[in-house]
Amino acid sequence: MRNPGINVLSIGLVRAVPAGLAAVAAGVGLAVLIRRAVGAPGWNPGPVLAVGTLTGILAYMVALGAFNYWVRWILAGKRPEEAETKTDLPRWARYFSFDLDHKVIGVQYLVTALIMLLFGVTLGFLMRYELTSPGRTIMGPNMYNHIMSLHGINQIAMILIGVSGLMNFLLPLMLGARDMPFPRLNAFSYWLLPPAGALLFASLPAGGFDTGWTVYPPLSVQAPLGMQFMILAVYLVGLSSILGGINFLTLVFKGRAPGMSLFRMPIFGWASMATSLLQMTFTQFIGMSFLMVLLERLVGMAFFVPSSGGNVVLYQHLFWFYSHPAVYVFVLPGFGIISEIIPVFSRKPIFGYAAVGLSSLGIAIGGSLVWAHHMFAAGMEPWLRIPIMITTVLVAVPTGVKVFAWISTMWMGKIRLETPMLFASTAIAVFLIGGLTGVPLGIVPADLYVTDTYYIVGHFHHTMFGGFVFPLMAAIYYWFPKVTGRFMNERLGRVHWAIMTTGFFTTFLPFFWLGLNGLRRRVYDYDPSDPFQTLNIVSTVGAGLLVTSFFLVAINIITSAIWGLRAGANPWRAKTLEWQVASPAPDENFETPPRVVDTPYGYGRPGSVHAIMSTGGAEGDN
Amino acid sequence: MTTAQAIQKMERPSASTPYFGMLLFLVSESFLFGALFWAYYYLKVKSPVWPPEGVHLETALVSANTAILLISAASMQAAILAIRKGHRKRLMLALAITILLGSAFLAIKGWEWVHSDFRPWDHAYGSIYFTITGFHGIHVLGGILLLGALLVRAGRGLFDARRHLAIEVAGLYWHYVDLVWIAVFATIFIIR
Ligand code: HEM
């Protein structure tokens, strides 16, 4: 885009990418020289590139302007803010700069997540295509392993990024705040992600990695160089997730509008509270477990080497102590979205507000005590089995509370089946299958039978689609008017929903049968005499539909942002605060802080008001 | 609540947003060190001999080093008390002493690292020993840099009795790092 008034160098990314690349080269050179100086062979790709990555990221951040404020704060006058408000950049350029507005950052996160989602599902389809026939179809076994592993970790990272994006855009608006409590930290958290994405993409040319997303040693210690890229990428995503969690939790506790007591928050606020709590605490565990693998690779440490007194099961404990709660990190905001959308489109108050809100915390706390159910078959301490089995089955209870609350909310409501509602209600059905197939996995004897089969793969794709992907789609259709001031195309939206739902079930329901019949997960090949091929082909056809549907929504987003029908401030007649301001949301969010007087769920109650806006927005609108 | 009350409430440092943010950060860091302690005790429980044969720890030297860090906690607290009363010179002196003590701690730790009779790659004990003390050292280093930045700012006269939240928040961090060291010391040198 040509724009006469603007200096390209004022766009952060234009400065940051060359600076980062130059610093990678400088770091590599420096590392080689130091190695020569101490008498080691100069070129050893692992350590040398690790140094290069770190210097590169540092220089990229500096060039982006992430530290400008702090340098000025230390050295200079009283109000370093004045020097940095650069809203003089045109709107589009702000998305490529170190911008502090939570709405810009939210969109940055979400677009990043969608790009990674498209990449990830394409990889998923390639895997499915390979499995349509025994033996080689389109790729060799190594390539399959690399794609499988990259698909897994790319999707997990995408989820974490998408969650932060939703919370960034929505939470300050919903809670009546001007911005995040720590806006610079917020921007910093986002800008860690582009290098992480670049490292993930680069891991394939760097030799790939074949450990799955779980990075179990000793395989991960021996895996090719791509492993190191992936570990560093996850480290960056984790850091971003921790810092984001601190920011969101501070917002929930310190940034609410006057009158917004905890029990007047939208349910999404409760969900975000629980999610950020998990993010800022447990993420340290995956960080540490990955770091230990990295130290074994680079320095030759011996945490996991039995002959030196190490223990591989230690890795699995540390890893799953994070990675199980991690599934709640994305399920909870997904539930939050469902809880926001169902009442609006049923025109009824949410059923059991306090129970739905508190069950988020219940899931978070319960979910942190179940990590070892991933290790029933891993030679873990036998005495841990029964307690973990009990806690696992118990977590189903707060989840069940939510499902019943949603259904009761819809019961006898005036339901409007527009796209957000279509996706939100489908999400419940999909998650229900995912959740119910999960309970047998918590029961030790049943788990020992199906562990590491496609049954597991079917189970977790149901939870991830029901808990995050379908709610994300609902959220995109629902909040798009608030982001852009325009509607998404409703007809294309319905087509997208139909294709995605059929595609999803055709792909993933067969997984349960395949798994029960013994198809193992993470395998490239199967015996032609086994009865797997038909179902594999069915599933691959479904995967084709499913991938198409993701590209449909991408097209819908782009075209609607340009040509979509204009939407007013509150097109869905919702009561939460973000709908009481103009669309797209104004830069300063609220002219004066709204005064909250009730929960936002008084649908169908004449005269019910959530908040009094200074400009007089939220009148009893049923 | 009247506006005046509201403003007063905002001014109590422990009720402020940055203070809360730092508290959350420290909770998060506790999970980082929690992971390390988990690893330490797990490896210990699973090993027949712990620490392995031939590991000799400089307990006397490290105890002295612990004392240095504890004194730095006192000087940090002195810095906070000084600026609460508006004594800028005393603040700078106390900050400088804290930085010096912190650096002395790191120097002694470094000497001990170099002269220890085992290396990180010798055995699992060596790996976890160097990782735990290394992570603590990084946190001390971070604290020193933070205090250095505050010293520069104090030199420019940017803190006074009313506006010095950064000192309070940094003090919280410094005390936390001390506390972690006590846990590290107890784990590695007393419980072993
Ligand atoms: C078109 C959509 C998708 C298809 C066709 C697909 C396909 C697959 C297949 C076939 C596997 C198993 C590979 C194996 O065990 O050999 C797999 C694993 C996995 N998928 Fe997907 N997937 C899709 C979307 C997603 C999404 C949206 C997510 C997350 C939100 C996801 C997360 C994962 C994870 C975490 C693994 C585990 C990788 C591992 O074993 O380490 N997938 N996927």
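Since this is a predicted model, take the numbers as computed values, not measurements. Order of the sequence lines fixes the chain letters, A, B, ..., with proteins taken first and strands second; residue numbering starts at 1 for each chain.
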**Message:** Could you check whether atom CZ of A:R595 has more than 12 heavy atoms from other residues, nucleotides or ligands sitting under 6.0 Å from it?
**Reply:** no
**Request:** Measure from the side-chain N and O atoms of B:R153 to the backbone N and O of A:L75, and report whether any donor-acceptor pair falls under 3.5 Å.
**Result:** no
**Asked** Is the CZ atom of A:R35 crowded by more than 12 outside heavy atoms at less than 6.0 Å?
**Response** yes
**Item:** Interface moiety of B:Y42 toward chain A, non-hydrogen atoms closer than 4.5 Å
**Value:** side chain
**Prompt:** With only heavy atoms counted, which part of A:L249 is less than 4.5 Å from chain B, the side chain, the backbone, both or neither?
**Reply:** both
**Asked** At a heavy-atom separation under 4.5 Å, does A:L295 approach chain B through its side chain, its backbone, both, or neither?
**Response** side chain
**Request:** Evaluate the side-chain proximity of B:F135 to A:M288: yes if any heavy-atom separation is below 4.5 Å, no if none is.
**Result:** yes
**Minimum-distance pair of heavy atoms, taken over all atoms of A:G310 and B:L43** = CA-CD2, 4.1 Å
**Top contributor to chain A contacts, counting heavy-atom pairs under 4.5 Å, from B:T131, B:V152, B:D122, B:L150** = B:T131
**Asked** Okay, side chain of A:Q284, backbone of B:F31: is any donor-acceptor separation there less than 3.5 Å?
**Response** no
**Request:** Spell out the residues in residues 297-306 of chain A that have some non-hydrogen atom less than 4.5 Å away from a non-hydrogen atom of chain B, in order of number; otherwise answer 'none'.
**Result:** A:V299, A:G300, A:M301, A:A302, A:F303
**Asked** Does A:M292 reach the side chain of B:I128, with side-chain heavy atoms less than 4.5 Å apart?
**Response** yes
**Asked** Where is the tightest heavy-atom contact between B:L24 and A:I246, given as atom of each residue plus distance?
**Response** CD1-O, 3.7 Å
**Prompt:** For A:L291, is it the side chain, the backbone, both or neither that has a heavy atom under 4.5 Å from a heavy atom of chain B?
**Reply:** side chain
**Message:** Within the 4.5 Å heavy-atom criterion, are B:L158 and A:W73 side-chain neighbours or not?
**Reply:** no
**Prompt:** Taking B:T17 for the side chain and A:P181 for the main chain, is one N or O donor matched with an acceptor at less than 3.5 Å?
**Reply:** no
**Item:** Spacing of CG belonging to A:L243 relative to OG belonging to B:S28, to within rounding of 0.5 Å
**Value:** 8.0 Å
**Asked** Looking at A:L314 and B:A39, what are the two nearest heavy atoms and their distance?
**Response** CD1-CA, 3.7 Å
**Prompt:** Do you know which of A:Q279, A:E296, A:H317 has the most heavy-atom pairs under 4.5 Å to chain B?
**Reply:** A:H317
**Item:** Qualifying residue for ring-ring contact (aromatic ring centres under 6.0 Å, His included) with B:W38, from A:Y315, A:Y322, A:F285, A:F319
**Value:** A:F285
**Interface moiety of B:L23 toward chain A, non-hydrogen atoms closer than 4.5 Å** = neither
**Asked** Which pair of heavy atoms, one from A:G309 and one from B:S47, lies closest together, and at what distance?
**Response** O-OG, 4.0 Å
